[in-house]
Amino acid sequence: MKLSAPSAPTPPAELDKRFDPRSYEPAWQRRWAESGIFRAEAPSRRPPFCIVIPPPNVTGKLHVGHALQTALQDLLTRWRRMQGRNPLFLPGTDHAGISTQLMVERQLASEGTSRREVGRERFLERTWEWKTQYHGSIRRQLDLLGASCDWSRERFTLDAGLSAAVREGFVRLYREGLISRGEYLVNWSPALDTAVSDLEVEMKSVAGKLYHIAYPVEGETERVVVATTRPETMLGDTAVAFHPDDERYRHLLGKAAVLPILGRRLPFIADPAVDREFGTGMVKITPFHDPFDFELARRHGLPGVSVIDHAGRMTAEAGPEYAGLDRFAAREKVVERLRAEGLLAAVEDHVHNVGHSQRSGEPIEPLVSTQWFCDVSGMAERALAAYREGRLRLVPDTWGKTWENWLSTIRPWCISRQLWWGHQIPAWYDAEGRCWVAKSAAEAAALAGTDRLTQDPDVLDTWFSAALWPFSTLGWPEDTADMRTFYPTSALITGHDIVFFWVARMVMFGLHFTGEVPFAVVHLTGLVRDAAGVKMSKMRGNTLDPADLIDEYGADALRFTLSSLDSPGRDVPLNPDQIAGYRAFGNKIWNAARFALARVGEAEVQADVDPRGLAVPERWILSRLSRVAAEIEPRLEAFRFDEACNRLYHFFWGDLCDWYIELAKVALSGEAPRPRAGEVLLTVLDRSLRLLHPVMPFLTEELWQRLPGHQAIHPQTICLAPYPGREESWESAEVEAGMEILMQVVTRVRGLRAELGLPPKARLDLFLDPEAPAGAEGTAAPMSQPTLPAGSFLAEQEPLIRFLCRVESTTFGPAPPGARRDLVAGVEVAVVAGSDGLGEKERERLAREIDRLAGEIARAEERLADAQFLAKAPAAVVAGGRARLAELRERRERLRAGLGST
RNA sequence: AGGCCCGUAGCUCAGCUGGUUAGAGCGCUACGUUGACAUCGUAGAGGUCAGCGGUUCAAGUCCGCUCGGGCCUACCA
């Protein structure tokens, strides 16, 4: 495990002034991979941490949604690695049955052929070629992102091991009676020519028609009117139903209607499921082409008639007039005929929901077909219990209700698909049509007593293998070291769009096959949208390709952007401007390091720093660093990547760059040396880079390798350096409070200069009067220690103030008349600038500010006069209010003085 | 039909267990090439926190309703 030298020509060489992620990102990914530091150990003494990747489809390239999840998964993995755990980020891909098959079929079509023409074997060869190609591009993209995957453990849902796991799972469920084959009403996609599961049906609101059709009553002159949106299905009617309490129709019980066109006898049925309010309250029953009717027919033992076939065409049963017609053409023809016969009572516009095939888009055709089903009701109950008992945590927890709702109303899962690309169902049929389920043809032959068997041609739903993923990838059903070391896995991060497709099924299968929830916690991310919040889609042309974004902004900037946008329960609007903003942050970090490397002389990174004997700026930045470090880990634990990122960003840019590095300039230039300033700067930089590394792995490694003395932290790589935490001994409320006042004073002086319209170089004399009048203590930044009053603190730091404000002189004490003055943090800040008095604009501004203050003072006074408030509010709040009022009044006085003085 | 989420500055979003001065980034304005950084600096403008009602000494924050937007689940023909 050796890491070669960094890419810099000579070690702590000067940094290029140009910040260019492309110059180091690919090089580091290569170096890390070569050094083997991402390989997990099994067994290991270190505590495990495991994330299995939600396997991308080998259909195509990764999109930004993948980039988001990968960024977060890798963030956690790298963080845990730095904490000394034994992390496994397990990569892999999914064969994605329907999608991939469609892609290859499209390819064949463009060559003027089809899958039927080339045959199953050749088709599968072609699909494997496809897989190889796209797998390569997925791998490249994960590398570009900096994913610290253990590629030695990579899996594919159709590889030998996973295929064995799938057969094992199927056979077990079959033998337990949870998988069975039967003829049921299923969701049929005519375009895909396969059955699909309920989840693959997308309900769309469609503006259609509601046809009112008169059915004669047998042997009577009476007619009943039924309402339907699909008149063509009437050819498959076998009954007519109404609500048992519906007086309008009760007399019809025991009688029958006559189906127009075909003349079939349709008994009247009373069933409470019928809605009396809808249409006429009389409903035609088509058991084989409507789920509602199918259920009702089962309850009443009614037969069914199939009038629509797998291609969506009318069957012979529909009658010679319609056989062979497409269902929609048949609809027109049926309506025409009814109208001609005077049986069309009415046609009205009707908006209703129609199931569409998620993959191919056409309306789903409910029809009866022989398929394999998995009874998941028991598993669903256990998945529910796991959630309720806290063995499974959903983040954010708002998903709990959805979880409960879906699992408690779950129905059998149709797991067979009439496709070729996938796991062929391990069931064989003998000459008599008997079915033998086994893990192999040989085993089936042994069971059947003959090898004259034919395997079921269908394949399993892609999600069946996906449901086994967290343990099949670790070697299940074998008792492997990986399984013992890493299962159950630590966390799952995936998009909320597949919570049912995938997450729920993994939990169900995990509990069933391993007895454990496959992951302790699931973080459901939002969907990535474009800058305007619109869902990305190829059709809209608003997709962003991660590879392009990485090329333009660098992987670190993309990772930081995505991580900081992942706030709970929200979608992720990705705006390239924002990525550019975080690339600028990278540049900022780069230049901070460049400054340090150029100025620290012989200083080196220290594993620890004793704050005793350090000057205020050094003590301050160490204190700030400790506080920020303390805030990061709890946020990562809670999947609040957004908060962690924001804190790091503001610490680095705000505290470190804006203030500390400015303060360090005087010390490092030799103008006013301070003890160990260089050492502190390097140490703060080292720890900041380590804190940032899980989010921005490349930049932090590139810079960290150049920090003199970084070997004291880790000899090889920042990837394995310890993740910094809190350093209590570095913290000082006193120093932070003092610095807070200093910063406010400096900011106010700069403000006064700008307000007076003075050029930066214009001479300015500063007067500070910290002997704030009574009542002005307890401001926004109260001096917590009486040992360090504002006055002496500011006096001690006078050279820094002079430097930061660029003033000629600082005088402690009351300002002379004519000075422009203000009050901040209990300190009067006044400047005397040459001879010019206040300009008209400035007078107006001041007057407005004084007005605004008057309003605030009035409100504060009113509140403090309220007996209820005084009695009920906590003492601290009341005291704070009083102090604030005093400060407001005092500030108004100063401003008035400044205004009147001209 | 049921459930969930959202409506805060021009844009995209933070805002933890309610505390009075609501933040960030981008954009905008003015000034600025002071040797880390113009992928920058300094200062600034900009919000009746969708609306109404309630709880409370105190509401962006809690509760109810309304309006607007999005998502998910669902066998009303």
Side-chain angles (χ1 to χ4, degrees), chain A residues 15 17-19 185 198 203 210 226-230 233 241 273-275 277-280 282-286 290-296 350 352-353 355 366 396 398-402 404-406 409 496-497 499-500 526-527 529 531-533 535 553 557 561 564-565 567 569-571 573-575 577-578 580-599 640 642-643 646 649-650 657-658 661-662 665 669 747 750-755 757-761 780 806 856 859-860 863 866-874 876-878 880-881 884 888:
Chain A
L15 280 179
K17 186 169 177 177
R18 212 168 56 110
F19 161 66
L185 191 77
D198 295 343
M203 293 309 248
L210 189 61
V226 298
T228 180
T229 53
R230 299 199 58 191
T233 64
V274 178
D275 181 354
E277 309 301 319
F278 188 89
T280 57
M282 181 72 80
V283 59
K284 61 190 250 343
I285 301 301
T286 317
D290 183 277
F292 174 89
D293 297 1
F294 186 78
E295 283 305 313
L296 188 139
H350 182 62
H352 60 136
N353 292 323
T398 47
W399 285 97
K401 274 195 177 164
T402 310
E404 296 254 356
N405 184 45
W406 192 72
T409 60
H496 66 63
D497 51 331
V499 64
F500 304 133
L527 265 34
R529 295 172 178 277
K535 198 168 170 176
Y553 305 104
T561 307
S564 65
L565 285 175
S567 55
R570 285 199 81 120
D571 283 341
L574 185 61
N575 186 343
D577 288 347
Q578 199 159 5
Y582 287 122
R583 179 185 52 189
F585 180 48
N587 179 62
K588 193 74 179 174
I589 298 171
W590 181 269
N591 278 289
R594 209 160 75 86
F595 168 81
L597 294 179
R599 302 292 198 81
R640 289 307 303 262
D642 56 335
E643 292 187 348
N646 287 334
Y649 181 93
H650 287 113
C657 293
D658 288 350
I661 286 187
E662 288 308 308
K665 283 176 182 172
S669 68
T747 303
R750 288 169 178 165
L752 289 173
R753 186 195 287 276
E755 284 162 23
L758 295 173
K761 282 175 181 163
R806 294 179 194 287
E856 269 190 55
R859 262 179 292 147
R863 226 161 59 90
D866 184 345
Q868 293 275 29
F869 172 71
L870 295 176
K872 295 194 176 176
V877 172
V878 176
R884 183 171 147 61
L888 285 170

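All values reported here derive from a predicted model rather than from experimental measurement. Naming: A, B, ... by sequence-line order, numbering from 1 per chain.
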At less than 3.5 Å, do the side-chain atoms of A:R753 and the base atoms of B:U42 form a donor-acceptor pair?
no

Measure across A:L565 and A:P573 and return the closest heavy-atom pair with its distance rounded to 0.1 Å.
CD1-O, 3.4 Å

Contact under 4.0 Å: A:K17 side-chain N or O vs B:C37 OP1/OP2
yes

Are the side chains of A:V283 and A:F278 in contact, using a 4.5 Å heavy-atom criterion?
no

Would you say B:C4 has OP1 or OP2 under 4.0 Å from some side-chain N or O of A:K401?
yes

When the C1' atoms of B:U66 and B:C28 are compared, how many Å lie between them, rounded to an integer?
36 Å

C1'-based separation of B:U39 from B:G3 [nearest Å]:
46 Å

With heavy atoms under 4.0 Å as the rule, sort A:V274 into base, sugar-phosphate or nothing.
base

So does A:K665 get a side-chain nitrogen or oxygen closer than 4.0 Å to the phosphate oxygens (OP1/OP2) of B:G35?
no

Below 4.5 Å, heavy atoms only, C-beta onward: do A:I589 and A:F19 meet side chain to side chain?
no

Please give the distance between the C1' atoms of B:A9 and B:C49 as a whole number of Å.
10 Å

Assess whether one donor atom and one acceptor atom, taken from the side chain of A:K588 and the base of B:C37, lie less than 3.5 Å apart.
yes

Looking only at side-chain atoms of A:F278, point me to the closest of B:C76, B:U12, B:C26.
B:C76

Spacing of the P atoms in B:C16 and B:C62 (rounded, Å)
8 Å

Atom-pair distance (CZ on A:F869; C1' on B:C57), nearest Å:
7 Å

Using every non-hydrogen atom in the two residues, find where A:P366 and A:R230 come nearest and quote the distance to one decimal.
CD-NH1, 4.0 Å

Contact between A:H496 and A:D571 at the side-chain level, heavy atoms closer than 4.5 Å - yes or no?
yes

Tell me what A:R859 touches on the nucleic acid: a base, only sugar-phosphate, or nothing, going by heavy atoms under 4.0 Å.
sugar-phosphate

B:U12 and B:G69: how far apart are their C1' atoms, nearest whole angstrom?
16 Å

If you check every side-chain atom of A:Y649, which of B:U21, B:G25, B:A77 has the closest atom?
B:G25

Heavy atoms under 4.0 Å, any strand shown: does A:P874 hit a base, just sugar-phosphate, or nothing?
base

Counting C-beta onward and ignoring hydrogens, is there a side-chain heavy-atom pair between A:L15 and A:L597 closer than 4.5 Å?
yes

Between B:G44, B:C72, B:C75, spot the one nearest the side chain of A:P291, thanks.
B:C75

Can you measure A:D290 atom CG to B:C76 atom P for me and round it to whole angstrom units?
9 Å

Using the C1' atom on both, measure B:U61 against B:G41 and round to a whole Å.
36 Å

So, is A:R583 near the phosphate of B:U39, with a side-chain N or O under 4.0 Å from OP1 or OP2?
no

Please give me the minimum heavy-atom distance between A:D293 and A:T286, naming the atom from each residue.
OD2-N, 2.6 Å

Write down the distance separating the P atoms in B:G64 and B:C5, rounded off to the nearest Å.
12 Å

Need one value for A:G581: base, sugar-phosphate or nothing, where a base atom within 4.0 Å counts as base even if backbone is also close, heavy atoms only.
nothing

Quick check on B:A14: is either OP1 or OP2 less than 4.0 Å from any side-chain nitrogen or oxygen of A:S567?
yes

Using a heavy-atom cut-off of 4.0 Å across all strands, would you classify A:R18 as base, sugar-phosphate, or nothing?
nothing

Could you tell me whether the phosphate oxygens of B:A14, OP1 or OP2, come under 4.0 Å of any side-chain nitrogen or oxygen in A:R570?
yes

So what does A:T747 hit on the nucleic acid, given a heavy-atom distance under 4.0 Å: a base, only sugar-phosphate, or nothing?
sugar-phosphate

Writing each nucleotide of RNA chain B 5' to 3' as (, ), [, ], | or . by Watson-Crick or G-U pairing under 3.5 Å yields (((((((..((((.....[...)))).(((((.......))))).....(((((..]....))))))))))))....

Nucleotide nearest A:N353 when distance is taken to its side chain, options B:A43, B:C57, B:A74
B:A74

Is there side-chain contact between A:T233 and A:K284, with at least one heavy-atom pair below 4.5 Å?
yes

Of B:G19, B:U21, B:G70, the nucleotide closest to the side chain of A:R529 is B:G70

Assess whether one donor atom and one acceptor atom, taken from the side chain of A:D866 and the base of B:A58, lie less than 3.5 Å apart.
no

Heavy atoms under 4.0 Å, any strand shown: does A:E404 hit a base, just sugar-phosphate, or nothing?
nothing

Suppose you measure atom C1' in B:A77 against the same atom in B:C63; what distance do you get, rounded to whole Å?
40 Å

Answer with base, sugar-phosphate or nothing: what part of the nucleic acid does A:D293 contact at a heavy-atom distance below 4.0 Å?
nothing

Base, sugar-phosphate, or nothing: which does A:Y582 touch, judged by heavy atoms less than 4.0 Å apart?
nothing

Hey, are A:E662 and A:K665 close enough for a salt bridge, meaning a charged N less than 4.0 Å from a carboxylate O?
yes

Which of parallel (below 30°), tilted (30 to 60°) and perpendicular (above 60°) describes A:Y649 and A:Y582?
perpendicular

